[in-house]
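One structure below.
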Amino acid sequence: MTTRVTVMVIAVALALVVWSGTARATANEHASCPGIALSEHGPAHEVRAVVHEEVKPLADALGIPMGALVSPFAHEHLGSHEACEVAFGG
């Protein structure tokens, strides 16, 4: 993975983790980092819409599917919001 793509993946991951909003439910310790972010920040449909608005143009510009940017973050099950932030440079 090139440095540019790595930086972009980290940026997308941080957007997921630090999205501001109202907490709705608490994810369990086995949830993925996006699962934790979705559970802690606002209604899921709003978070997904923002992620789609930010990730889709980036993926299109790179000529890759959105999943290629989100997948590394989605495969992490670190147990807490804080651990996900640390792992992705937050």
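Here, residue 1 is the first one in the sequence, and each next residue gets the next number.
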Closest heavy-atom pair, His52 versus Pro57, reported as atoms and distance to 0.1 Å, is O-CD, 3.8 Å
Sequence neighbours excluded, the answer for side chain to side chain contact (heavy atoms under 4.5 Å, CB included) partners of Ser71 is His75
Residue pairs passing the salt bridge (charged side-chain N to carboxylate O under 4.0 Å, His left out) test with at least one member in residues 58-76, sequence neighbours excluded, are Lys56-Asp60
Notebook entry, point to check: Quick one: do Phe73 and Leu78 end up in the same hydrophobic cluster if we chain Ile, Leu, Val, Met, Phe, Trp and Tyr together by side-chain heavy atoms under 4.5 Å apart?
Noted result: no
Between Pro72 and Leu69 the two heavy atoms that sit nearest each other are CD-O, 3.6 Å
Pairwise side-chain contact, Ile36 with Ser80, heavy-atom cut-off 4.5 Å (strictly under): no
